[in-house]
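Protein chains get the first letters and strands the later ones, always in sequence-line order, with residue 1 at the start of each.
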Amino acid sequence: MLRNRGIAFKLILFFTLSSGLILLLIFGFNYRFSRLLFEKKMADDAENLVHAKVNRIESSLLAVQKVPDTLASLLENSPYRKEELLPLLRALVNNNPDIYGAAIAFEPSGVDGKSPPFAPYFFKQQGELKYADLGKASYRYDHWDWYQLPKEINHSAWSEPYYDDGGGNILMATYSVPFYRMSGSNRQFAGIVTADINLDWLQEVVSSIKVLETGYGFLISKNGTFLTHPLRELIMNETLFGIAEARNDARLREIGRKMIRGESGFVPFRSIVSQEPCWMYYMPVPANGWTLAVLFPQNEFTADIARLSRMIIILGIAGLLLLSIAVAFIARSITNPLAAMAQASKAIATGNLDVELPACASNDEVGKLAEAFRYMKESLKEYITQLTETTASKERIESELKIAHDIQVSILPKIFPPFPDRPEFDIYAVIEPAREVGGDFYDFFFIDDKNFCFVIGDVSGKGVPAALFMAVTKTLIKATAQRGIDPGEILTNVNRELSQGNDSCMFATIFCGMLNTETGALSFANGGHNSPLIVRRDKEPEFLAGTGGLVVGAMEDAAYATQTVPLEPDESLFLYTDGVTEAMDARGEFYSDERLNQQVAQHRGNPIRQIIEGIMENIASFSRGALQSDDITIMMIQFKKNEERTASGITDVRA
Amino acid sequence: MRKKVLLLSALLLWEASPLGAAMQKASFLPQWSPQAQFAGYYVAYEKGLYRKNGIDLTILQGGSNQPPHDYLEGRKADFVSAWLAAAIQKRSQGVKLVNIGQVVQRSALMLVAKKSSNIRTPRDMQGKKVGLWEGDFQIQPKAFFKKYNLRVNVIPQSFSVNLFLRGGVDVASAMWYNEYHTILNAGINPDELSTFFFHESGLNFPEDGIYTLETTFRQNPSLATAFVRASLEGWQYAFAHPDEALTIVLAYISRARIPANRMHQKWMLARMKDIISPPNRAAPPGVLQPSDYARVAHELRESGLINKIPDYHSFFVRWDSHAEK
């Protein structure tokens with residue numbers, strides 16, 4: 001899929017994705033970090049705000065508490081008559097604006113067990129101070145929370161807030177302090193001193209808390225009951241646990257339990273009014289265990305962050321788009337020339353070197369590539385032109401070499417048997433040039449009716465010069481031999497001729513022999529050529545002794561001696577060039593004189609043509625796998641019996 | 001639109017009803033201010049079940065100042081809802097009232113204690129402070145203490161559970177459908193509480209029942225049975241449609257200018273279902289079982305609250321059997 005897409009696509013994909021990822025990481029970090037900062041600041045603000053409000057409530061409550069505390073202490077520690085207490089109680093209520101009402105409720109059974117219920121109570125109603133004896137009516141004050149609680153827990157206590165029965169629909173709370181009398185050594189419960197407070201001021205204190213648009217505060221009692229709340233229907237009618245139950249929110253219930261246990265904290269909370277997520281900071285009022293909570297609407301608080309984040313996201317997306325466009329542009333500037341070059345190279349591949357290459361103005365890598373491409377095209381064009389010329393000239397040389405070869409082959413006698421009417425001897429020769437035109441040569445001809453001259457030679461160097469030198473040498477020998485001189489003189493003359501003006505310093509090794517076809521006497525001279533093998537009828541083949549001499553064409557004044565050796569019928573001379581003994585096998589080992597000698601001995605007795613062919617095969621199998629480095633030439637001449645000569649007459653015995 | 005259709009069909013029903021012509025006036029007083037404890041009656045009224053049964057009913061507003069027996073004796077109400085134990089006492093005192101439908105079959109009264117005061121079994125209450133309401137609410141607890149041989153320190157309990165919540169008493173009285181939920185919603189978890197249901201201690205006192213005067217019943221038995229039938233249908237409807245029933249109840253509560261707490265009423269309605277048609281009780285609805293009657297009357301006599309047990313058959317009139325006559 002991706003593999004088949006273009007570079008532009010991959011670049012855009014890669015850059016956009018990686019930049020997007022980086023952007024996202026930075027954004028995420030930034031968002032988280034700024035949120036943390038905001039939240040920390042919000043938490044600090046919350047704590048300060050709630051702390052201030054709690055202190056305010058706490059100080060009011062503590063001020064109220066002092067009155068009954070003092071009165072209870074007075075009742076416990078000094079003798080009194082119940083009637084004397086009324087003016088005191090009246091004055092306390094009258095002089096304390098925070099106190100709505102106060103009572104001294106004596107334990108109905110009393111210290112002596114006989115006292116009737118007595119609970120003088122002064123309270124304010126519509127600005128007027130009123131008196132009531134709570135013991136007189138069917139009120140049964142000893143069954144009320146404000147009385148029972150401190151009595152049972154032996155400790156002063158704030159009651160759960162309640163609505164005043166007196167009709168003002170005033171939310172009140174009562175602070176009750178138990179007092180005791182000593183009866184003998186027993187400290188016996190004697191009654192309760194109370195102070196009521198109107199909680200309307202709490203509404204004011206708490207409702208004055210405004211956080212941003214929708215944040216608000218609320219106060220809950222020790223039972224979790226709402227004492228103040230913007231939603232009035234919740235007040236004194238719902239607890240935080242009821243909210244948790246309605247929301248089926250176990251976590252909120254747990255928060256509520258922490259609140260009524262007097263803990264403080266900063267927790268997430270869904271607003272009861274707006275149902276929006278908020279942070280809630282809550283803190284207990286130490287005096288009575290009520291809890292003040294303030295909600296901080298998260299969305300409003302994080303609105304700035306959200307706005308900032310939105311802008312960052314928009315900028316990021318715009319940046320990514322811009323980046324994509326830029327990448328697309330760059331990619332196009334790379335891929336367009338590349339595509340054009342690919343197109344062009346296809347055309348070049350089909351041989352069209354005149355194709356127009358794309359223009360690339362830039363000096364970057366692509367420009368350099370285009371330049372190199374152009375250079376390559378030009379070079380190719382030039383090279384191919386040269387190659388065409390070279391090929392043409394090579395073809396010409398090859399055809400000339402072919403002609404040279406033909407000429408060379410044509411100047412060597414190659415019809416065997418060459419003299420079918422002369423049965424008194426037999427001659428056979430084979431040449432296998434290493435190149436098209438070789439340096440080896442052989443020749444044979446009759447000087448007169450009975451003297452038969454034969455030559456084998458090897459010209460230094462290879463190829464055309466060697467062939468030409470060879471042709472000259474061969475022609476010279478033949479011309480010289482016609483004068484009827486012996487082989488030594490032939491070579492001496494030929495040497496002189498060749499040495500003169502031999503600027504190219506070429507030379508040849510030549511073995512020149514002459515056979516008297518009647519007697520079998522063989523005279524010969526050797527100009528630095530390999531010694532031939534003489535193959536006797538009753539002996540092993542051996543190299544012809546006493547041969548040697550200088551190579552022909554090297555020194556003008558060299559003289560060559562003629563030697564003689566008689567050949568009996570069916571005895572033969574085996575001549576060869578160094579291409580035979582120096583033929584190499586794949587390991588670089590020479591064919592060698594010994595191997596040649598051995599091979600000739602092995603084939604002894606066969607007709608000479610078979611001997612030569614057998615040895616050629618042997619050499620070929622010996623040097624299989626190795627390159628033939630030199631011309632290979634073998635010639636063999638055999639003297640036949642006189643009777644044969646007589647009997648066969650002019651008939652050719654050779655097939 | 002839908003409202004109109006409903007109204008129309010109601011009107012058609014009204015016209016079609018054979019009883020429409022013979023609609024009889026009657027009044028009913030619940031023994032307490034409006035709450036889900038009386039959901040069945042309000043629902044029956046609002047869903048037209050009383051009218052369907054030929055009754056033009058007026059539901060009076062109950063409360064602490066409207067004792068049902070006074071209303072019955074003073075003929076200010078034809079039918080009242082009252083506690084069985086209270087009614088037996090009245091009957092024994094000579095008030096000729098009859099039970100025509102025992103709605104609540106299982107006692108909802110219970111004792112509750114915090115596990116943190118180490119109370120897990122009845123025996124753990126020995127010597128502890130126990131908050132008890134006055135009057136008939138003390139019959140079962142006292143029998144309970146006697147049964148387990150407990151000497152406890154009885155503290156008068158007011159209408160609130162604050163004394164219990166703040167540790168003023170170790171054990172408190174509670175109605176399962178009311179105060180128990182109040183305790184839970186003051187932040188105490190159920191697993192932190194030990195509960196003692198009287199119906200689990202062989203002290204099942206069926207509570208709310210429908211009462212009328214013997215004379216009222218004699219004069220018009222079909223009206224009485226129609227009232228019970230319609231009321232029981234109301235309860236069935238309320239249990240089948242709790243949300244609708246709650247809305248109706250809350251409307252009554254707010255009309256009485258009493259703070260309404262929907263979750264609390266929801267709990268109460270669910271518990272009323274538990275005690276009106278207990279899951280493992282095969283008794284037909286509205287029938288006072290002789291065994292239950294005998295148990296309550298016996299405990300009353302043991303407590304010295306009555307001298308003589310009134311005859312079951314003169315006390316209870318089986319509404320369904322009467323209707324067949």
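At a 4.5 Å heavy-atom cutoff, the contact between B:Leu165 and chain A is made by side-chain atoms alone. Of the atoms belonging to A:Ile260, it is side-chain heavy atoms, and not backbone ones, that fall under 4.5 Å from chain B. Using a 4.5 Å cut-off between heavy atoms, B:Lys129 touches chain A through its side chain atoms alone. Only the side chain of B:His181 comes within contact range of chain A, with at least one heavy atom under 4.5 Å from a heavy atom of that chain. Within the 4.5 angstrom heavy-atom criterion, no atom of A:Glu233 approaches chain B. Contact annotation for B:Ile188: only backbone heavy atoms (N, CA, C, O) come within less than 4.5 Å of a heavy atom of chain A.
Of the candidates A:Arg251, A:Lys258, A:Arg257, A:Arg257 is the only one forming a salt bridge (charged side-chain N to carboxylate O under 4.0 Å, His left out) with A:Glu254. The side-chain contact (heavy atoms from CB on, under 4.5 Å) with A:Asp69 is formed by just one residue from the set A:Val193, A:Leu62, A:Val64, A:Val177; it is A:Val177.
Under 4.0 Å is where a charged nitrogen must lie from a carboxylate oxygen, and between A:Lys151 and A:Glu107 at least one such pair does.
Cation-pi check for B:Lys273 over B:Tyr177 is not met; the charged atom does not lie both under 6.0 angstrom from the ring centroid and within 45 degrees of its normal.
Between chain B and the residues A:Thr225, A:Thr239, A:Leu234, A:Asp142, the most heavy-atom pairs under 4.5 angstrom are made by A:Thr239. For chain B, the option among A:Glu160, A:Met236, A:Glu245, A:Met259 with the highest count of heavy-atom pairs below 4.5 Å is A:Glu245.
Checked by atom type, the side-chain pair A:Arg181/A:Gln188 shows no donor-acceptor distance below 3.5 Å. In summary, the side chains of B:Thr121 and B:Tyr148 do not present any donor paired with an acceptor at a separation below 3.5 Å, with no hydrogens or angles considered.
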